Amino acid sequence: MSSVLIVGAGPVGAVCALALQQQGIAAQVLEAQPHDTRTDTRTLALSHGARLILDRLGVWDTLDAVTPITRIHISQRGALGVARLAAGDAGLPALGYVLPYAALTRALQHALTVSHIAVEYGVAVECIDAAADAATVHAADGRSLAASLVVVADGGRSGRTQSAATAPLPKFERDYEQTAVVCEVETELPHANRAFERFTPQGPAALLPKDDRYALVWTASHADAEHIAGLPDAEFLAALYRHFGGRQGRFLAASPRKTFPLKLAYTGSIAADRVVRIGNAAQTLHPVAGQGFNLGLRDAWELASLCGDTPREALGDAAMFTAYARGRRVDVIGGLGFTDFLVRVFSNDIGPLRHARGLGLLALEALPPLKNFVARRMIFGARG
Ligand SMILES: Cc1cc2nc3c(=O)[nH]c(=O)nc-3n(C[C@H](O)[C@H](O)[C@H](O)COP(=O)(O)OP(=O)(O)OC[C@H]3O[C@@H](n4cnc5c(N)ncnc54)[C@H](O)[C@@H]3O)c2cc1C
């Protein structure tokens with residue numbers, strides 16, 4: 001019987017396996033997809049705190065295609081108030097880093113291989129039987145594997161494949177009735193490592209510097225997003241200019257558009273005896289504040305640290321789970337609350353709220369301690 005078995009070698013599962021190894025615990029990992037075939041075009045914005053974790057795992061220096069964000073420009077359409085955050089004000093080289101999801105998973109897969117961590121690719125877990133002394137994972141290839149601790153890091157997909165006991169319904173869900181349109185765009189002016197976050201009544205839009213172009217996340221109602229995503233290039237670029245304004249000059253070119261429906265779902269970490277959920281399996285967030293992966297990465301890091309501090313015979317027991325859930329509560333609820341607040345307060349056109357938001361942005365711009373407070377939360381999470 002393994003001591004720890006991880007379901008999913010996405011970024012969160014992979015970081016968990018690497019961090020466990022640093023604690024002297026050899027985890028076994030099952031990943032549904034074949035090795036190194038990721039075609040996911042998602043872009044991730046990593047916080048400085050996430051960089052520190054990847055540094056400690058020896059992964060950061062192996063990453064290519066990383067673009068630092070040194071400044072963030074926050075505004076709302078059709079109203080006063082602009083706030084500007086700068087890395088220098090926070091005393092850091094960068095406020096965050098932008099990189100392709102596929103580049104991160106490739107680097108993590110390489111790290112798993114050179115660390116001789118047992119990862120089986122192309123093996124999907126179908127269900128998990130939880131019991132007081134061990135959990136048993138049943139794989140699609142017919143094998144059953146028991147472990148003292150099963151870590152579900154499957155990005156929240158298990159709701160469709162696993163039993164209700166190990167894939168519980170979310171404790172809290174909010175459908176924002178929004179879809180994100182994502183693609184890369186080329187602008188007339190160079191990005192100079194500046195990101196934009198623009199709030200509009202239809203939903204937030206973000207431009208993240210990525211290589212020599214921008215990654216765009218444009219949120220709108222489901223119907224509008226499908227319409228926007230389906231526009232021919234020239235019409236799409238013109239619509240984006242109308243929506244975003246001319247701070248970066250004209251939009252010159254766009255890659256093919258993809259859409260992602262957005263919601264908040266909080267399932268929590270404790271699933272069943274011996275089964276813990278981390279990353280998107282525990283919480284799925286709106287991408288407005290770029291917190292999702294950063295939270296998941298801290299889940300993985302904190303779980304591995306706690307495993308290292310727990311006697312082997314107590315790995316995965318109820319006391320360990322309670323300590324883990326208690327330790328993560330402030331960070332996770334803080335991240336969910338911050339993201340939910342931004343989406344709900346900024347995605348509307350109610351007059352008094354629009355003015356209050358303008359004043360909030362002006363205050364953020366004018367008050368260095370407030371700026372520092374917000375920047376630290378974006379960089380290090382709710383406990384920053
Ligand atoms: C449009 C969009 C933009 C985003 N932008 C950002 C951003 O800027 N910054 C940020 O921090 N976050 C962002 N996120 C969120 C981020 O993508 C997720 O938080 C992150 O990918 C979660 O990592 P994960 O490892 O938990 O899940 P995933 O990345 O989904 O990985 C799960 C892994 O588990 C495997 N798996 C699934 N089911 C099984 C099974 N049954 N058996 C075995 N393996 C299985 C999958 O193949 C996959 O490899 C964004 C999300 C979206 C939708």
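Ligands are counted one by one from 1 in listed order, and the atoms in each one are counted from 1 as well. Note that the coordinates shown come from a computational prediction; the quantities given were computed from them, not determined experimentally. For the single chain, residues carry numbers from 1 onward in sequence order.
Looking only at atom types and distance, the side chain of Y241 has no donor-acceptor partner in the side chain of R250 under 3.5 Å away. Side-chain atoms of T43 and K210 form a donor-acceptor pair, as typed in the model, at a separation below 3.5 Å. Between the side chains of S269 and R277, no donor-acceptor pair is found at a separation under 3.5 Å. Side chain to side chain, D299 and Q283 meet the donor-acceptor criterion of an N or O pair below 3.5 Å.
Residue-to-ligand polar distances keep A124 apart from ligand 1: every N/O pair is separated by 3.5 Å or more. Ligand 1 has no nitrogen or oxygen under 3.5 angstrom from a nitrogen or oxygen of V7. Looking at L208 next to ligand 1, no N or O pair under 3.5 Å apart turns up. Residue A32 places at least one N or O, backbone or side chain, under 3.5 Å from an N or O of ligand 1.
Each of the atoms 47 (O) of ligand 1 lies under 4.0 Å from some heavy atom of Q33. Atoms of ligand 1 lying under 4.0 Å from at least one heavy atom of G8, given by number and element, are 34 (O), 35 (C), 44 (N). Close approach of ligand 1 to F260 (heavy-atom distance below 4.0 Å) involves ligand atoms 1 (C), 53 (C). Using a 4.0 Å cut-off to heavy atoms of G279, the atoms of ligand 1 that qualify are 26 (O). Each of the following atoms of ligand 1 lies closer than 4.0 Å to a heavy atom of V123: 43 (C). Applying the 4.0 Å criterion to heavy atoms of A153 picks out, from ligand 1, the atoms 32 (C), 33 (C), 34 (O). Each of the following atoms of ligand 1 lies closer than 4.0 Å to a heavy atom of L30: 43 (C), 44 (N). Distances below 4.0 Å separate heavy atoms of G10 from the following atoms of ligand 1: 25 (O), 31 (O), 33 (C), 49 (O).
With R277, K258, R42 as candidates, the residue nearest to atom 51 (C) of ligand 1 on a non-hydrogen basis is R42. Comparing F293, Y121, Y101 by heavy-atom distance to atom 15 (C) of ligand 1, the nearest is F293. Between atom 13 (C) of ligand 1 and the options V98, L44, V12, the minimum heavy-atom separation is to L44. With distances taken over non-hydrogen atoms, the option nearest atom 5 (N) of ligand 1 out of L104, N294, T43, V15 is T43.
Under the 4.5 Å side-chain heavy-atom criterion for grouping Ile, Leu, Val, Met, Phe, Trp and Tyr, V15 is connected to Y324 within one hydrophobic cluster. Residues L18 and L46 fall within the same hydrophobic cluster, defined by Ile, Leu, Val, Met, Phe, Trp and Tyr side chains chained together at heavy-atom separations under 4.5 Å. Tracing side-chain contacts under 4.5 Å through hydrophobic residues (I, L, V, M, F, W, Y), one never reaches L231 starting from V217; they form parts of separate clusters. There is no path of hydrophobic side-chain contacts, each under 4.5 Å, that joins L189 to F196. Grouping the Ile, Leu, Val, Met, Phe, Trp and Tyr side chains by contacts below 4.5 angstrom, directly or via other members, places I228 apart from F199.
Remark: R257 is positioned above the aromatic ring of F236, its terminal NZ or CZ atom under 6.0 angstrom from the ring centre and at most 45 degrees off the axis.
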